[in-house]
Amino acid sequence: MAPDADLLVVGAGAAGLFTALTAAAEGARVTLVSALPLAQTASYWAQGGLAAALAVEDSAAQHLEDTLAAGRGLVRRSAAETLCAEAPARFNDLVGLGVRFDADRHGHVELGLEGGHTVRRVVHAGGSATGRRILRTLSARVVADPRIAVREGRRVDALLVHDGRVTGAHLDDGTQLRARAVVLSSGGGAALWSRTTNPPGSWGSGLLLARAAGAALADLEFVQFHPTAVTGVPGREGFLISEAVRGEGATLHDPEGERFVDELAPRDAVARAIFKLMRERGLASVGLDMRAIDPAKFPNIVSALRSGGLDPATELVPVAPASHYVMGGVATDLDARTGVPGLYAVGEVACTGLHGANRLASNSLSECFVFGRRAALAGLDETEPPAGAGAPAGAAPEAPSAATREAMWRLAGLERTAEDLRELERDPHPLARLVAASALHREETRGGHARAEYPSSDGRLDGRHSLMNAQVFQPELVSWS
């Protein structure tokens, strides 16, 4: 019996859409499953840009050095080399698909500066509306492609497994779809924390789907808390103020109006400086000064703030850190393969080791396209699945309760303790317990993981990733070439 599709893509964010389009361009039959209508996924809200060495004074080698520095001694070098070398070509692919990136009056692409980058190399589309612009364009391409069948409003309950190989997926309407390969592009888990920049659905369901099918998870302790999420503005709690705003000169201030941090340091450093100041002085927020920034550069940010009753052209914006991006995910190789035949993972659901302990700004969008293309091509090399649908692996993942999300923020936030993490290990939600186990096992402070008992990084753990196989609860620290 022929499979329903050559490639089954789960999730319609930037990674899923690009993966589907790449496979279709190779002549493949693709089924794309999306819980939300197209162009309404988490990628839609992405304000950051796409990092690529496009400037004359830039190079893939310099991009690599910045990525390694931001990752705090934990970046998987081969993954970073792949991204930095291939990102310019994927930028050109997007232009070819019709994405219109911001350009100057001469038609030259504008390059922005963000934290951790030593040169301007971040391209945007519509200022801070990059995700919206890219998703609208890619979604339109997907809908117009007769080789791509879209299943909107459907969720994957479980992956289908036959003799240790993933052969398809079981949907929440009872449908079973078979394919040569399944590509998970279901997004990350930052909404597992109560204070977050992410939409509610981004709590890591794809990680549990993959684990139930036998895949390993990696580096779950590393969570990037974005430094500048709005707080105290009605209707805008957690709204992200793009790092590009600081790249254009916005500054951070304490209640006396003094600057207290290098605003363009890597995100972990800026977030922790804000957290420390807030804790020491009992503050609910710090002030982001955008008054010298041309409002026309970031129209959606300015509009959103004004709709909440705050005008960033005349007053400081109250901001505080919020959970934004989980560096960990389903462990994959450089072609997005997991350890389970037939199963691939791309985007924030995956962990290639690219981001190490701290993601360099705007590398994640580039990652969607670089590794999405690789996943599509590798997946199409898979043989047809064996006859028979296979059996669903595990029950459908359940969303975390409000109590779990609050516990994640309280017990596994910007600074963790052994006592708190042991309490979190008793939480009813399986992903909360897995994060707690990974964070408890890493006895150091590094990037997006801070332990109060271990305030410094341990050089013996350089290059050592937390790998958690499907059969175990406790992670193993391993090197990853």
Side-chain angles (χ1 to χ4, degrees), residues 51 60-85 115-118 188 216-225 262 264-273 275-276 324-334 339 348 350-364 366-367 370-371 412-418 421 434-469 472 474-481:
Q62 186 58 53
H63 188 182
L64 173 64
E65 289 306 309
D66 290 349
T67 299
L68 294 174
R72 308 300 193 202
L74 207 70
V75 170
R76 184 184 183 189
R77 189 182 183 98
S78 58
E81 288 173 341
T82 298
L83 178 120
C84 296
H117 293 274
T118 54
L217 306 181
D219 292 344
L220 297 183
E221 67 269 38
F222 293 110
V223 182
Q224 190 167 81
F225 295 89
D262 174 5
L264 290 179
R267 285 179 180 172
D268 63 328
V270 180
R272 203 158 291 139
F275 172 73
K276 180 181 178 182
H324 180 59
Y325 190 97
V326 179
M327 271 71 76
V330 183
T332 72
D333 69 8
L334 301 185
E348 194 174 349
C351 180
T352 62
L354 165 68
H355 304 302
N358 179 57
R359 176 176 66 104
L360 180 65
S362 291
N363 267 358
S364 54
S366 302
E367 177 188 26
V370 168
F371 292 98
L414 278 89
E415 186 173 84
R416 293 94 178 257
T417 68
L421 294 171
L434 292 169
V435 171
S438 294
L440 188 61
H441 195 68
R442 184 172 290 275
E443 296 180 339
E444 65 167 349
T445 289
R446 184 187 295 263
H449 168 70
R451 286 286 299 274
E453 307 96 329
Y454 306 97
S456 302
S457 295
D458 184 344
R460 295 171 297 179
L461 299 181
D462 289 354
R464 306 281 287 178
H465 294 261
S466 300
L467 193 68
M468 190 175 296
N469 292 318
V472 301
Q474 293 297 332
E476 178 185 4
L477 292 174
V478 299
S479 296
W480 206 355
S481 60

About how many Å separate [atom2] of [Y] and [atom1] of [X], when rounded to the nearest 0.5 Å?
| X | Y | atom1 | atom2 | result |
| --- | --- | --- | --- | --- |
| Thr352 | Trp480 | OG1 | CH2 | 6.5 Å |
| Asp458 | Arg464 | CG | CZ | 11.0 Å |
| Leu74 | Ser457 | CG | OG | 9.5 Å |
| Phe225 | Phe275 | CZ | CZ | 9.0 Å |
| Ser466 | Glu221 | OG | CD | 3.5 Å |

> Hey, are Arg446 and Asp462 close enough for a salt bridge, meaning a charged N less than 4.0 Å from a carboxylate O?
Replying inline: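 Salt bridge present between Arg446 and Asp462.
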Please check: side-chain N/O of [X] versus main-chain N/O of [Y], any donor-acceptor pairing under 3.5 Å?
| X | Y | value |
| --- | --- | --- |
| Asn358 | Gly71 | no |
| Gln224 | Arg359 | yes |
| Glu81 | Leu64 | no |
| Arg416 | Ala412 | yes |
| Arg76 | Ser481 | yes |
| Arg267 | Ala70 | no |

Can you tell me if [X] and [Y] form a side-chain donor-acceptor pair at under 3.5 Å?
| X | Y | answer |
| --- | --- | --- |
| Thr118 | Gln62 | yes |
| Asp219 | His465 | yes |
| His355 | Glu367 | yes |

Taking the side chain as every heavy atom from C-beta outward, state whether [X] and [Y] have any pair of such atoms under 4.5 Å apart.
| X | Y | value |
| --- | --- | --- |
| His449 | Thr445 | no |
| Phe222 | Leu220 | no |
| Met468 | Ser438 | yes |
| Asp268 | Arg72 | yes |

> Yes or no on side-chain contact (heavy atoms from CB on, under 4.5 Å) for Glu443 and Arg451, after CA distance, side-chain angles and deciding distance?
Replying inline: CA-CA 7 Å; Glu443 296 180 339; Arg451 286 286 299 274; 4.1 Å; yes
>> So, applying side chain to side chain contact (heavy atoms under 4.5 Å, CB included) with Leu354, which one of Thr82, Val370, Thr67 is it?
In response: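 Only match with Leu354 under side chain to side chain contact (heavy atoms under 4.5 Å, CB included): Thr67.
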